[in-house]
Amino acid sequence: MSAKHNTEDYLRMYRQMVRIRAFEDNANQLYLSAKMPGLTHMYSGQEAVAVGICEALTSEDKITSTHRGHGHCVAKGAEFREMFCELLGKEEGYCRGKGGSMHIADQANGNLGANAIVGGSMGIATGSALSAKYLGTSHVTVCFFGDGATAQGLWYEVMNMAALWKLPVIYACENNGYSEYTKTAEIAAGSLTARAEAFGIEAHKVDGQDVLAVNELARSLTERCRKGEGPFFIELETYRYHGHHVGDINRDYYRSKDEESEWKKVRDPITNFGKWLMEQKIMTADELVEIDKEISADAEAAVTYALDAKYPDVNEVSMHVFAETAA
Amino acid sequence: MTRQITLSKAVNEAIAEEMRRDPSVILLGEDVAEAGTPFKVLSGLVEEFGMDRIIDTPISEPGFMGIAVGAAMTGCRPIVDLMFGDFLYLIMDQLCNQAAKTHYMSGGKLNVPLVLRTNMGATRRSAAQHSQSLQALVAHVPGLKVAMPSSAYEAKGLMKTAIRDNNPVVIFEDKLMYNDKAEVPEEEYLIPFGKANIKREGRDVTLVATSSMVQVAEKAAEILSRENISAEVIDPRTLVPFDEETILQSVKKTSRAIVIDEGHQSFGVTAEIAARISEKAFYHLDAPVIRMGAMDVPVPFSPALEDITVPTPDGVVENARRICRGELVHAA
Ligand SMILES: Cc1ncc(C[n+]2csc(CCOP(=O)(O)OP(=O)(O)O)c2C)c(N)n1
Ligand SMILES: [Mg+2]
């Protein structure tokens, strides 16, 4: 255990993971009850990745996110209300309803945005790191993407430049074993870490279900990025509990129920961290239940609020196509 | 014999028939094999044709598009499945600099017989990167043919023609129409490129509409008929080649035209068609040609905003009434 950790950090990590799970359970429910427009991709199961990494960052640090982005958004400091409003296309959403689930951005907390183009944020994250270096700000950028996204050529172009220019960026690949309805092994040749290493980028592989392990690694790489030792690559082994998106319900043809229940039973990041907190006598079982209850009440209240919130005025449709430019 | 089948089934049948007929036809794309695409359009093909011909790719659009171009130049007839039309932006070089120009640049010596099947269409609550209608973008590039099926019948006939064509052809299917049924013959048929279809005859105004907008135009024509305005609805079916003649004939009869396409209105398909009508039927027109495209904004997620970005039957009716009354309408 790193000496920097204290009880408060642990509790925050636990709470943030539970918040993500609660957010997703409610989002899924909104879909199933036909109250949410469109489809959305659940982050449940991968909480330790977003939380372990984002807890190592400050609000000045930046992240870029993916189509499976609710977890990153919560972990980087977003509020339930504005997030649910965005998912429902309401005016009070983070993007005034214009973005929706796949485009949530929370600029105040350093979230440069989810992205509906797989791999679409790899350039953006690297550009944010170029800004940090050129402008002399000390922000570090974490680029989240899935195993499927490693097939995008863009990644290899930007890794080359990031390595040449020693940019403070961490490429964080959440390997959840699947790219849509296909197993990763069928779409990725060789080893992912070796790909980064080919550019001289230091690469790590970590258990993405272990929030402490993720956090420890992220803290050390973030600090080293600030000292000019970046870029870095992390492959995080993890698992998504739901289908590719909320509508992907009959999925036995590509993934067995046994496999799913095994991960949930043995490797759940929240259950396992909760157990550890109890073993360390940091929390009691009752206290953990109390936290879970409080968070699920928060989430439900935010959902109710968002369902009643108003849609943007139709005049907003042509606002924000262009930014204002001072004369 | 005809029967009602979905657009999705029509596409599936067209591809299966052509694959049976010609062993050089192969298909590449993401989750096309076992999953049969997210829209389930290709279900069953891998079972019949095997993994050598129905090829699952990684999420590497420029890569597999380029591979298709090379395979097409050397004896295969690839069908590329691009999951969303929005991903055209990822493959532009391979499609527009390579596939489109190879035949010309080689002085006619090299061919690129490939089909890029993709989709278009908003109002599915899929937000700005999964809702675009980018047909104008590819229709602008010499060397690419562009087909826009408006029903299951067209989807099948145009797909079969596309697969047999010796050029790169881009087919845009409306992703909201996959489950729409239409009458499709049991017997084999092909629909030639460059032949517009007069969906409904009329005297007072010509509605030229593509793909998803054909239904919009037909609904508008129905409403107008109750007001004694007789609208002719024409579906060009392919943008490249474009059947100018049928449309000019119609406009010469009706003296009024409204052009409807789901792409952005500015610098788009509606502008091109309206310009041709204005140039070539100018003295027959009683009113300026009206363009109706999607608003010039990225497609917003919120249903409250998204629905107003695309042309609707009511909007078409309103414009048709005005020009038929002799009021000048500036395209909104
Ligand atoms: C450029 C592009 N190609 C294809 C898609 C369709 N698509 C959305 S998510 C996805 C799979 C992504 O897999 P991965 O990167 O492993 O992320 P995960 O869904 O597992 O979180 C695909 C193919 C897309 N959105 N963008
Ligand atoms: Mg994945």
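Letters go in sequence order (proteins before strands), and every chain restarts at 1.
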More than 12 heavy atoms from other groups under 6.0 Å of [atom1] on [X]:
X        : atom1 : answer
A:Asp252 : CG    : yes
B:Arg53  : CZ    : yes
B:Glu48  : CD    : yes
B:Phe267 : CZ    : no
A:Glu92  : CD    : no
A:Lys205 : NZ    : no
A:Tyr253 : OH    : yes
A:Lys310 : NZ    : no

Answer with side chain, backbone, both or neither: which region of [X] has an atom nearer than 4.5 Å to a non-hydrogen atom of chain A?
X        : value
B:Asp307 : neither
B:Thr309 : side chain
B:Phe87  : side chain
B:Ile59  : both

Nearest 0.5 Å, what's the [atom1]-[atom2] distance between [X] and [Y]?
X        : Y        : atom1 : atom2 : answer
B:Ser60  : A:Ile187 : OG    : CD1   : 8.0 Å
A:Ser318 : B:Ile308 : OG    : CD1   : 8.0 Å
B:Glu306 : A:Lys98  : CD    : NZ    : 13.0 Å
B:Asp31  : A:Tyr254 : CG    : OH    : 9.0 Å
B:Phe301 : A:Arg96  : CZ    : CZ    : 15.5 Å
B:Arg125 : A:Met36  : CZ    : CE    : 12.5 Å

Region of [X] in contact with chain B, defined by heavy-atom distances below 4.5 Å:
X        : value
A:Val118 : side chain
A:Asn115 : both
A:Leu88  : backbone

> Among A:Gly38, A:Cys95, A:Ala151, who wins on heavy-atom pairs under 4.5 Å with chain B?
Replying inline: A:Ala151

> For the side chain of B:Ser302 and the backbone of A:Gly89, is there at least one donor-acceptor N/O pair under 3.5 Å apart?
Replying inline: yes

> What heavy-atom pair brings A:Gln152 and B:Pro62 nearest, and what distance separates the two atoms?
Replying inline: OE1-CD, 4.5 Å

>> How close do A:Ile117 and B:Gln129 get, counting heavy atoms only, and between which atoms?
In response: N-OE1, 3.4 Å

> Looking at B:Glu61, B:Glu30, B:His130, which one has more heavy-atom pairs under 4.5 Å with chain A than the rest?
Replying inline: B:His130

> Just wondering, do B:Val297 and A:Val317 contact through their side chains at under 4.5 Å, heavy atoms?
Replying inline: yes

> Between A:Glu180, A:His244, A:His245, which is the residue that forms a side-chain contact (heavy atoms from CB on, under 4.5 Å) with B:Pro38?
Replying inline: A:Glu180

